[in-house]
Amino acid sequence: MSIYDTLNPEQKEAVLHTEGPLLILAGAGSGKTRVLIHRIAWLMEQGVSPWNIMAITFTNKAAGEMRQRVNNLVAQGADSVWVATFHSTCVRILRRYIGHLGFDTTFSIYDTDDQKAVMKDVCKRLNIDTKIYKERYLMSVISRAKDELISPLEMELAAGIDWQKKRLAEAYKEYQAQLRRNNALDFDDLIVKTVELFQNCPEILEAYQERFRYLMVDEYQDTNTAQFKLISLLAGKYRNLCVVGDDDQSIYKFRGANIYNILNFEQVFPDARVIKLEQNYRSTQNILNTANEVIRNNYGRKEKRLWTENEEGNPIAFRLLPNAFEEAELIIGDISHHVRNREADYQDHAILYRTNAQSRLFEEKLIMAGIPYKLIGGVNFYARREIKDILAYLKTVDNGRDEVAVRRVINVPKRGIGATTLNRVGDYAGAYGIGFYEALVRADEIPGLGRSGGKIRPFTELIEALRGKLGKTSLVDLTKELLEATGYSKELEAEGTEEAKGRLENIDELISKIAAYEESAKEPTLSGFLEEVALVADIDSLEESSNYVILMTLHSAKGLEFPYIYMAGMEEGIFPSYMSLNGENPEEDLEEERRLCYVGITRAKRELMLTAARQRMIRGQTMYNAVSRFIREIPDEYLEKGNRRERTADNPSPQKPAAWAQSKESFRAKAYEQKSITVNKASGLEYTVGDRVRHIKFGDGTVLEITEGKKDYEVKVDFDTAGVKRLFASFAKLKKL
DNA sequence: GGTTGGAAACTTTTT
DNA sequence: GTTTCCAACC
């Protein structure tokens, strides 16, 4: 018996197909990672050197998991397989060869904050009114251009005589110039510059083509044009390209993901083998059927239907609550119920929502209930002010050309160096064609600085002193010295507020992270640490072993699975989001929202609960949203709208506290009240909830629910023979019996 | 050059 | 409701 006998026929075919292009359309939970790691094992068994195998993912977490699983599967050589994210792959290549593009190999990597700082400066230089063109807008235009591999020059040419577009191209050009001056790349540049490098230097490309003879790309549906180009170049020689993806899980179009990369793969690679993995090993039949029904409403997808041999499972629960508070209470009550009955641990539950802002209520209620939780997303650890400050110091030590970093910390803590001084230094640097930091070093020579000039010297002396210690002392000691010498920690300690305490804790955590890096890295360097830190996402910090309820956005949940999933805020305007409904192309955006819904549903292994609130505070305003259309797309046979816990309410378990039952009771009462209000409004109908009615085709049945639509009443009837149906009153012509 | 108060913006998603 | 930004003061 070999390790491959555990695979199903399609999985096996995908594993054994090693030569030439291969597209694996892997539905949710169909074991795609399993296929990838077995494929790596198989390649090695066929005599392929692990050194010639590359697997690319999007998150460090996915890469780490894959590496782990390959390690477990193959005895030797797993370490030599290149398993990395797109971005870290590019960084590793660029750190060696970016000299060919006129950058220094110590380049900095700019995050969104840094980009914004550069953009602000660009707008100032070009006299762009940021009230008309917001920095964020300009940044997104530039980012989209980079995703499509459009250079500033190409953008300018494409603009023609369109003055506004020309202006955007100008901003793009200046932004790139600034980055180059700072010896920095933004996230998009990492990909773009690597493509550029390969196109400019065929000999470097060929070396990597030789190295990566077998390429595998995970989550292929999320690749953008630049990433596709990168892969195509690498696979250009041997054409052993295996991509795994699911067009139904493409949820990053807004970030430039090009869904045609997957939809047109067979056109670009006519000899591609296509294998569909449709057997799901994760979810119950009910969950899977629900997912299938929802995604069926999308056009322009590759037809596939997931099936499973798993049990039918419980129906999907839908709960409409009066407000968001009760929504949070219901979900958290359900979770503690599971844990108290020892049905599951906290870590088996994930609460998913559309926007990060929705997490607050859940956090509050979880704290009140004393339930441990982990929040994914929101403000990234490395984006916090104190962390960015320390990192900016370290960046300055590492790369003096990083003007954004220098400017960030020159006056933190306060050194009495203000805007006027900085402008003079900036002008001087510009006039003499030197870097900003260099100008600071020569502060004495700058005219008109007066006393302020003297304030600069302690700063540059500190940086120089730290620079001199690089490689001599550990990074941890260097950082501690930095905190000491600048008085950064002291200032926070003196403040004594809760907030300051939190910041100090974060700094301690940063120091532990530096220590961990120094222990684990083969050759720890400051650049190495800064690079690692620049590319981590919040999701990477998710540990499987800790017992927490997980809170995260639907986007972050992609690729994960939990026994119990709660999808909160199933309301029009929230999910699907207001933006998608009122954007430039609502049809397309709505399909992406629906895919996001599909991703959410398919995260659930055992049970899925969907919730909505009639009333909700958004940005300090009370909103009344209709129930999400996605709920209506789920056929009633899979949905259970009552109170699933009724079973336990009728038959209360001894350890169940009365308060819990009471809150459930009150919820039920309120829900019922609202229902009867709706019914009263339905005065145009001769029947009401509970009445027996007759349909010309379906026969006799009982009215379950009447909902008021825009033009018509929607009537839900439980027919004796035909089952539960949802009908429009004007079409159904129901007769009261 | 630093501090403060009030207005304005923000919220779709992130490597 | 919260955070960010900016103008007017010290």
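Straight-line distance from the NZ atom of A/Lys253 to the C1' atom of B/dT14: 16 Å, rounded to whole Å. A/Phe575 places its CZ atom 15 Å from the P atom of B/dT12, with the value rounded to the nearest Å. Here C/dT2 presents its P atom at 13 Å from CD of A/Glu363, a figure rounded to the nearest Å. Separating the CD atom of A/Gln115 from the P atom of B/dT14 is a distance of 15 Å, rounded to the nearest angstrom. Residue A/Ile251 contributes atom CD1, which lies 13 Å from atom C1' of B/dT15 at whole-angstrom precision. Following rounding to the nearest Å, A/Glu532 (CD) and B/dT15 (C1') show an atom-to-atom distance of 15 Å. Whole-Å rounding puts the A/Glu364 CD to C/dG1 C1' distance at 11 Å.
Distances shown here put every side-chain N or O of A/Asn356 at or beyond 4.0 Å from the OP1 or OP2 atom of B/dT11. For A/Thr355 and B/dT13, the shortest distance from a side-chain N or O to OP1 or OP2 is not below 4.0 Å.
Of all nucleotides listed (B/dT11, B/dT13, B/dT15), B/dT15 comes nearest to the side chain of A/Thr59. Minimum atom distance to the side chain of A/Arg136 is reached by B/dC10, of the listed C/dT2, B/dT13, B/dC10. Checking B/dT15, B/dT12, B/dT13 against the side-chain heavy atoms of A/Ser577 singles out B/dT12 as nearest. Distance from the side chain of A/Tyr252 is smallest for B/dT14 among the nucleotides B/dT14, B/dT12, C/dG1. Candidate nucleotides B/dT13, B/dT15, C/dT2 were compared by shortest atom distance to the side chain of A/Arg360, and C/dT2 ranks first. For A/Lys414, taking side-chain heavy atoms from C-beta onward, the closest of the listed nucleotides B/dG2, C/dT2, C/dC5 is B/dG2. Nearest to the side-chain atoms of A/Lys120 among the listed nucleotides B/dG1, B/dT11, C/dC5 stands C/dC5. Nearest to the side-chain atoms of A/Thr421 among the listed nucleotides B/dC10, B/dG1, C/dC5 stands B/dG1.
The pair A/Glu591-A/Arg301 does not count as a salt bridge, with every side-chain nitrogen at least 4.0 angstrom from each carboxylate oxygen.
Looking at heavy-atom distances under 4.0 Å, A/Ser580 makes no contact with the nucleic acid at all. Residue A/Lys116 is classed as a sugar-phosphate contact, given heavy-atom separations below 4.0 Å to backbone atoms only.
Between A/Lys134 and A/Ile417, the residue anchored nearer the 5' end of DNA chain B, judged by the nucleotide with its closest heavy atom, is A/Ile417. Along DNA chain B, the nucleotide nearest to A/Asp188 and the one nearest to A/Met579 differ in position, and the one closer to the 5' end is contacted by A/Met579.
C/dC5 sits 23 Å from B/dT12 when the C1' atoms are compared, rounded to a whole Å. As rounded to the nearest Å, C/dC6 and B/dT11 have C1' atoms that lie 22 Å from one another.
No side-chain N or O of A/Tyr437 forms a donor-acceptor pair with one of A/Asp402 less than 3.5 Å apart. A side-chain donor from one of A/Asn399 and A/Ser108 sits under 3.5 Å from a side-chain acceptor of the other.
Surrounding NZ of A/Lys229 are at most 12 heavy atoms belonging to other residues, nucleotides or ligands under 6.0 Å away.
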**Study point:** Derivation of the salt bridge (Lys or Arg N to Asp or Glu O under 4.0 Å) call for A/Glu363 and A/Arg360
**Key:** CA-CA 5 Å; A/Glu363 279 196 85; A/Arg360 255 200 46 226; over 6 Å; no

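The base of B/dT15 lies outside donor-acceptor range of the side chain of A/Arg255, with no N or O pair under 3.5 Å.
Between A/Phe187 and A/His87, the ring planes are perpendicular. Angles over 60° get that label, and only those under 30° would be called parallel.
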